[in-house]
Amino acid sequence: MDRSPRRIASPVNRTPSFEVSSTIAILNSPPNSPHHDLPPMESLPNSPEPPPPPPHSFSPRRKVHESIVREVREYHLHSTTRIPFSPPPTIQIHPAPIAGPESTSSFRTNPEEGDRDDEEDNVEETGQEIELPPTEERAAEPETSQQIHVESDVEIVEDDHQKTAEGGLENRLTHQLEAPADRRIIFPITPFYRRKGTCSKCSIWLGALCALFFLLSIALFLVWVITTDGFRTIGTKATNVCNSRQCIDVAFRLSSSIDDEIEPCENFYRHSCQRYHSQTADKQLNFLSQLKDESLRTMQSLFSSEEDPRSLQKTARLSKSLYSACMNAVLRSSNAPTDLLTFIRNFPCGPLLRDCPNFHADSYRYRNPSIWERHSGILDWYAGNYNLIVYDRDVHPQDRSKIILQIKPPDLSPIVGPIERDLIALAKPSPTEFEPLLQLSLRQNLLSSFSRDNLLRDPRDVQSQLDEVARLMVDLYISARQSASLTPNTTYLTIGEMFEALPQLYLREFFDAQLSNIYKWTESDMLSIQDYDYFARLSDIMAQTSRQAVANYLLTVTIWNLKQYSYSPRDQFGWRECVDQISSLEIGSKMYVDKASQSMNLPKTLEFLQNLKIDFLSVHRSTPLQYLSNINRLGFYVGFPRRLQNEELVWRPVSQLSLNETDYFDSMIRVGKAERDYALSQIGTYLDSDDTTNFPITQPTMLYNSHVGAIVIPLAFIEPPIYLPGDEIPMYGIYSSLGITALQMISKVFWQGLDKSSQLECLDNLFRGFLDANRQRSPSIEPELLATIELADAFKSTLYSYAKWQNEHHIHHEKTLPAFDSTDSMRSLMLTFSTMFCSGEGSEPGSDYEAMINTVAANSRMFSIHFNCNNSSRLYNRRTCL
């Protein structure tokens with residue numbers, strides 16, 4: 001018969017109640033099976049009932065464990081023969097981890113050790129082999145009170161068969177308990193664990209996978225930090241709202257302009273700009289005025305900063321000195337207007353100037369028929385763009401990088417333009433009345449006050465001379481205005497051919513008066529003539545005008561051009577005028593360039609503009625290719641030329657000047673003339689790849705240079721509210737500012753050579769529908785319709801380009817502006833565009849400007865979709881004209 005002890009699955013949920021007593025009971029009791037010769041156990045009448053189990057949580061495995069203990073106890077108590085018993089040995093058992101979620105304590109035999117945490121070392125499950133040390137007497141400890149003692153006075157009468165069986169069991173148990181100390185007894189119930197000496201292969205692979213996962217986590221974390229905002233968003237709640245300064249500025253503009261009570265589908269301009277027009281007139285600045293103000297403030301902070309002059313560059317020191325002299329109103333007022341009149345007397349002058357020493361009517365008219373050409377040539381820069389003949393720089397038609405000489409008509413719009421607008425607004429003259437009324441208004445409203453304030457003459461004493469100047473000024477203005485278009489007519493001739501083509505003009509005298517000292521020209525040199533017809537008309541105008549009127553005209557426009565540098569208490573004076581004048585010099589604009597170049601990413605902006613051009617071509621792909629050739633070759637000059645960052649190049653024109661920097665009038669004239677002469681001396685040389693002949697970086701005006709086939713975007717134009725790629729603003733903010741203004745200029749270039757009759761006819765009724773009742777009856781609104789065509793085309797191309805960007809980058813919902821969480825990206829683009837185009841021109845309901853913006857929106861199907869316009873609304877897209 002197999003007498004090996006039976007292995008019974010041990011419950012895992014060990015509790016403090018089952019520790020020493022249960023262990024001793026098991027060691028001193030025989031196993032319950034597999035001996036089939038044992039009779040079933042019967043409970044004795046006097047046998048004590050086992051103690052109730054402690055109130056522990058229920059566990060199926062614990063229930064099995066307790067049933068086994070109860071069975072062994074009962075069998076031991078019913079034995080007829082007392083088993084010799086000695087105090088149990090102390091069993092040294094290493095505490096093992098308890099498998100199972102319900103375990104509350106570890107199995108232990110030494111109560112003094114207290115509760116200990118389970119070890120976390122890797123162990124393997126085995127049948128625990130326990131070595132019993134030699135028996136020795138031990139003092140009973142608190143927990144041994146639960147040990148079971150066999151009473152010696154129990155007498156049980158059994159039959160012979162039962163006695164035989166009991167004798168066999170007694171002998172077997174006694175043999176086991178009295179076994180030698182070195183005998184190992186396999187504990188049959190609870191599986192014990194032992195500490196592993198080495199790691200298994202499974203554990204090695206598991207550790208390797210954990211290490212690999214850890215390294216990959218670190219790598220992904222580093223990639224996240226490098227490619228995203230990284231730690232900037234840690235600790236903040238991730239939202240889909242843009243909180244940058246640019247976004248807050250745009251959101252503030254929208255909140256200050258939009259009136260939600262006006263439905264956008266009924267009047268988009270009023271919805272976007274009603275609150276803008278509720279402001280005072282001085283705050284109703286269009287975005288170009290805002291750009292000008294922003295650039296002036298930036299340069300004013302540079303000119304007025306308190307820095308050690310020894311740490312500044314030479315150009316910066318001179319600019320700051322000029323600004324300080326300009327702001328010294330006391331010193332300037334003490335010299336004005338004597339400084340200006342004294343300077344004018346050094347040149348040929350007219351009889352309007354009291355005691356003019358250089359004018360002799362007889363010699364001016366008869367003895368030297370070329371005197372006015374020479375007079376005009378001497379004045380040159382001093383008369384500015386008001387001169388009878390203005391010479392400048394252009395590029396060679398066969399080599400766009402080579403600089404050549406250019407002559408062009410005067411630009412009198414700063415003088416005559418305001419008078420003309422007021423006349424049209426008040427009198428609405430007919431075409432036959434226009435010239436006489438303009439001449440009269442010019443003399444009464446401008447020249448009379450000019451004579452009194454600047455020439456110190458009573459207008460009544462020189463009224464006839466002022467009438468002659470006004471008549472000549474109107475003739476020149478109307479003649480020159482014909483060439484004031486986006487792409488003026490340009491003729492290229494050699495200088496010798498020009499002399500032969502216009503023999504009535506003594507151009508040789510004009511060149512020799514001043515230009516020949518700067519530029520050594522020959523008759524074979526190429527000459528660019530802007531508006532050749534003007535010079536043909538000029539000879540006729542001069543033949544009909546007295547030489548006195550010509551001399552007085554040149555005197556008037558020269559004083560008009562230079563009086564900005566002299567102080568006049570009647571003119572508005574402040575830091576803006578000083579900054580504007582100094583920033584027109586290259587020494588002043590260099591400080592602006594140095595500051596802007598630190599944060600501006602011009603290559604990224606150029607890439608964005610090239611993509612806009614490509615998208616414009618895609619929108620107009622149905623147009624014949626010959627009309628797209630100019631757009632396809634179109635280039636961009638953005639920001640500033642690199643030469644303005646070169647201190648030596650900028651300082652070179654004024655390096656030989658000896659200036660009294662406290663005399664603002666004299667210093668500005670000498671520095672301005674020196675820079676002009678140096679620019680003309682570069683005729684015949686070559687431009688840098690990022691430079692052009694006309695690059696006014698401090699003027700916020702986008703230009704199209706037809707001679708080089710490029711759009712010039714000066715540095716002052718790319719200030720807020722115009723945003724660039726790389727700014728902390730969603731892309732719809734960039735497309736609605738830089739994108740739409742650049743596309744508007746591209747559209748101007750595109751439509752200038754196309755027949756627009758069908759578009760004009762299509763938009764006419766739509767445009768008139770947004771005008772007031774009086775304006776609707778206007779016979780001709782073609783100029784307004786032409787501007788509407790250009791802007792509507794730019795708006796359509798902008799929406800297409802932005803939608804294409806969204807698809808390419810898989811971004812259909814960009815971050816929203818603060819307080820505009822429910823506005824989608826396309827709708828935000830339209831609102832950002834419309835609020836930026838708010839202007840004082842649209843202050844009156846039903847104005848031409850309001851009608852233009854509404855017509856642009858009504859021509860767009862995307863507008864109707866994103867603003868959910870129904871088919872009964874005024875701006876619902878019923879027909880697309882472009």
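Hydrogens, waters and symmetry mates are skipped; everything else that's a heavy atom, side chains included, is used. We're numbering straight along the sequence, starting at 1.
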Looking just at side-chain N and O atoms, do [X] and [Y] make a donor-acceptor pair shorter than 3.5 Å?
X: Asn877; Y: Ser864; value: no
X: Ser528; Y: His707; value: no
X: Gln699; Y: Thr701; value: no
X: Tyr704; Y: Gln752; value: no
X: Asp615; Y: Ser618; value: no

Answer yes or no: is there a donor N or O on one side and an acceptor on the other, between the side chain of [X] and the main chain of [Y], under 3.5 Å?
X: Ser255; Y: Phe252; answer: no
X: His866; Y: Met862; answer: no
X: Tyr723; Y: Leu738; answer: no
X: Asn267; Y: Asn854; answer: no
X: Asp394; Y: Ile404; answer: no
X: Arg393; Y: Ile683; answer: no
X: Asn807; Y: Ala803; answer: yes
X: His271; Y: Ile262; answer: yes
X: Ser747; Y: Glu790; answer: yes
X: Ser257; Y: Leu254; answer: no

Between [X] and [Y], what is the ring plane arrangement, given parallel below 30°, perpendicular above 60°, and tilted in between?
X: Phe287; Y: Phe837; value: tilted
X: Phe867; Y: Phe268; value: perpendicular
X: Tyr269; Y: His277; value: tilted

*From CA spacing to verdict: side chain to side chain donor-acceptor pair (under 3.5 Å), Ser289, Asn286*: CA-CA 5 Å; Ser289 299; Asn286 59 21; 2.9 Å; yes
*Under 4.0 Å between a Lys/Arg side-chain N and an Asp/Glu carboxylate O for Asp392 and Lys408?*
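Between Lys408 and Asp392 there is a salt bridge, with a charged N closer than 4.0 Å to a carboxylate O.
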*Look at Asp688 together with Arg642 and state whether they make a salt bridge at an N to O cut-off of under 4.0 Å.*
no
Neighbour count above 12 (heavy atom, 6.0 Å) for [X] [atom1]:
X: Arg878; atom1: CZ; value: yes
X: Arg400; atom1: CZ; value: yes
X: Leu625; atom1: CG; value: no
X: Lys595; atom1: NZ; value: no
X: Glu808; atom1: CD; value: yes
X: Arg576; atom1: CZ; value: yes

*asked:* Tell me if the centroids of the rings in Phe616 and Phe750 come within less than 6.0 Å of each other.
replied: yes
*Can you spot which of Pro264, Ser272, Ser736 makes a side-chain contact (heavy atoms from CB on, under 4.5 Å) with Ser834?*
Ser272
*Show the numbers, then the answer: is there a side chain to side chain contact (heavy atoms under 4.5 Å, CB included) between Met731 and His809?*
CA-CA 11 Å; Met731 283 301 293; His809 293 79; over 6 Å; no
